[in-house]
Amino acid sequence: MVFTNNVTSIFLLGFPNLQNFTFLFFSLLVLIFCGTISGNLLIMVLYLVSKTLQSPMYFFITQLSLCDLLLTTDIVPVLLHTVVHGGSSITLIGCITQFNIFVTSEVSECLLLSVMSYDRYVAICDPLSYHYIMTHTFCVISVHVVWFISFIVTLVYAVSMYNLYFCGPNVIDHIYCDFEPILQLSCSDTSIIHSEVLIMGSIFVMLPFIVIVMSYVYIAFTILKIPSNTRRHKAFSTCSSHLIVVSIFFWTLIMVYMFPTKGQSLILSKVLSLMYTVLTPLFNPIIYTLRNKDFKTAFLKLKRVLQ
């Protein structure tokens with residue numbers, strides 16, 4: 001039997017009680033949005049025009065920037081509209097689509113971070129084999145596999161969600177269309193889709209996290225065995241930026257999705273989601289560029305050419 005959804009549009013509440021802080025919060029979001037777009041685009045442009053950045057790690061960083069751009073353009077424009085108008089109306093299909101784009105971005109980032117940790121593992125633990133293992137072909141295939149898996153995971157979620165019957169209410173008290181808030185609008189049995197999330201999360205979130213942890217355990221042991229303090233510091237500095245990004249990404253991921261949301265206040269849940277979807281894409285280009293001499297050199301060269 002085919003049901004027609006009672007819900008055709010959804011109203012996102014966002015932060016309804018900002019009052020006198022609306023303009024300040026909106027201005028801050030605009031600055032963060034512009035900074036995120038500019039920073040990640042700059043990384044991609046520098047990689048394309050600079051010969052010194054033609055290495056596997058920088059190639060993966062550009063893909064990470066693409067993930068951040070996808071996430072930012074998916075979440076922030078709707079959030080800005082929500083802040084200005086005290087709420088935002090979005091179609092049911094648009095809401096589910098926003099979540100699906102979010103899933104594509106986050107699954108891709110999880111997998112990319114694990115591939116990048118493998119790159120650092122090979123570079124530090126087996127440097128003589130690095131150029132034989134981390135070839136351009138291997139990197140391109142890895143990235144294609146990452147995006148293919150992300151689209152497959154997203155397709156599974158999309159099909160499952162579009163088959164649900166939504167009967168209302170049509171209000172989501174959140175800053176974007178997230179998984180649980182969407183399912184709360186459904187009158188269908190959501191046990192199957194919850195099982196899918198558990199299985200997918202175990203494979204495409206926890207497994208990459210385990211790979212990253214194991215890689216850095218081996219990296220740490222290898223660095224500690226280096227007799228020279230200078231060489232030890234240089235080895236650590238090559239992976240410190242990636243380690244910071246991994247820590248921020250998985251810390252926010254765990255805080256938002258692993259801890260029970262029923263025990264959290266709504267404002268805490270929204271703030272954590274704001275950090276995860278808005279601030280993290282801003283931090284990534286800052287961490288990779290400010291701590292990296294190659295990016296600084298490439299930027300200065302590009303600046304001289306443009307002048």
Side-chain angles (χ1 to χ4, degrees), residues 60 63-64 66-68 70-72 74-75 95-118 142-164 172 174-186 188-217 242-243 245-264 268-281 283-284:
F60 293 134
Q63 298 301 307
L64 201 63
L66 187 59
C67 289
D68 289 335
L70 191 64
L71 178 62
T72 299
D74 178 46
I75 302 295
C95 190
I96 295 174
T97 301
Q98 186 189 49
F99 174 71
N100 289 335
I101 295 172
F102 167 80
V103 169
T104 301
S105 169
E106 297 312 296
V107 172
S108 299
E109 188 152 351
C110 279
L111 297 175
L112 278 170
L113 289 173
S114 64
V115 174
M116 291 168 73
S117 69
Y118 176 70
S142 298
V143 166
H144 277 89
V145 170
V146 164
W147 286 106
F148 177 74
I149 291 173
S150 303
F151 288 129
I152 293 298
V153 172
T154 302
L155 183 62
V156 171
Y157 282 153
V159 171
S160 299
M161 281 190 163
Y162 283 125
N163 284 330
L164 294 176
I172 291 181
H174 202 44
I175 63 172
Y176 68 99
C177 296
D178 203 0
F179 178 71
E180 282 297 336
I182 294 176
L183 293 194
Q184 288 172 7
L185 307 182
S186 173
S188 303
D189 181 12
T190 58
S191 58
I192 295 176
I193 193 170
H194 275 105
S195 299
E196 289 174 355
V197 169
L198 183 62
I199 295 169
M200 296 286 190
S202 301
I203 297 173
F204 301 114
V205 177
M206 294 310 299
L207 191 59
F209 180 70
I210 291 170
V211 169
I212 292 168
V213 171
M214 290 180 63
S215 297
Y216 275 101
V217 167
H242 178 251
L243 190 57
V245 169
V246 166
S247 300
I248 293 173
F249 178 79
F250 280 100
W251 177 79
T252 52
L253 185 71
I254 290 169
M255 288 295 291
V256 172
Y257 293 105
M258 298 302 288
F259 286 99
T261 55
K262 291 183 179 179
Q264 295 176 357
L268 177 60
S269 178
K270 291 177 183 180
V271 169
L272 289 173
S273 296
L274 191 70
M275 291 177 60
Y276 185 64
T277 58
V278 178
L279 293 180
T280 301
F283 290 155
N284 289 351

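What you see is a predicted model; the values in this text were computed from it and never measured.
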Hey, what's the ring geometry for Tyr157 with Phe99, parallel, tilted or perpendicular (30° and 60° as the breaks)? tilted
Report yes if some heavy atom in the side chain of Val107 is under 4.5 Å from a heavy atom in the side chain of Phe151; otherwise report no. no
Heavy atoms of Asp189 and Leu164 approach each other most closely as O-CD2, 4.2 Å
How close do Ile175 and Leu274 get, heavy atom to heavy atom, and via which atoms? CD1-N, 3.7 Å
Which heavy atom in Cys110 sits nearest to a heavy atom in Phe249, and how many Å separate them? SG-CE2, 3.4 Å
Show, in sequence, the C-alpha distance, side-chain angles and deciding distance for Gln63 and Asp68, and conclude whether the side chain to side chain contact (heavy atoms under 4.5 Å, CB included) test is met. CA-CA 9 Å; Gln63 298 301 307; Asp68 289 335; over 6 Å; no
Heavy-atom closest contact (Gln98 atom, Cys177 atom, distance): OE1-N, 2.9 Å
Side-chain touch Val245/Leu64, heavy atoms, less than 4.5 angstrom: yes
Just by modelled atom types, is the Leu183 backbone N or O under 3.5 Å from a matching donor or acceptor in the Thr190 side chain? no
Check the angle between the aromatic planes of Tyr176 and Phe102 and answer parallel, tilted or perpendicular using the 30° and 60° thresholds. tilted
Nearest heavy-atom neighbours spanning Val115 and Val146: CG2-CG2, 4.3 Å
Are the side chain of Thr280 and the backbone N or O of Met275 linked by a donor-acceptor pair below 3.5 Å? yes
Please check this pair: side chain of Ser273 against backbone of Ser269, looking for a donor-acceptor N/O pair closer than 3.5 Å. yes
Let's go through His242 and Tyr216 carefully: what are the C-alpha distance in whole Å and the side-chain angles of both, what is the deciding distance for ring-ring contact (aromatic ring centres under 6.0 Å, His included) to 0.1 Å, and is it a yes or a no? CA-CA 11 Å; His242 178 251; Tyr216 275 101; 5.7 Å; yes
What's the shortest heavy-atom distance between Ile203 and Pro208, and which atoms? O-CD, 3.3 Å
Below 4.5 Å, heavy atoms only, C-beta onward: do Ile193 and Phe179 meet side chain to side chain? yes
Verify the neighbour count for atom CD1 of Ile192: are there more than 12 heavy atoms of other residues, nucleotides or ligands below 6.0 Å? no
Side-chain donor or acceptor of Asp74 paired with backbone N/O of Leu70 under 3.5 Å: no
Checking side-chain hydrogen bond (donor to acceptor under 3.5 Å, both in side chains) for the pair Thr104/Ser150: CA distance, chi angles, key distance, verdict? CA-CA 5 Å; Thr104 301; Ser150 303; over 6 Å; no
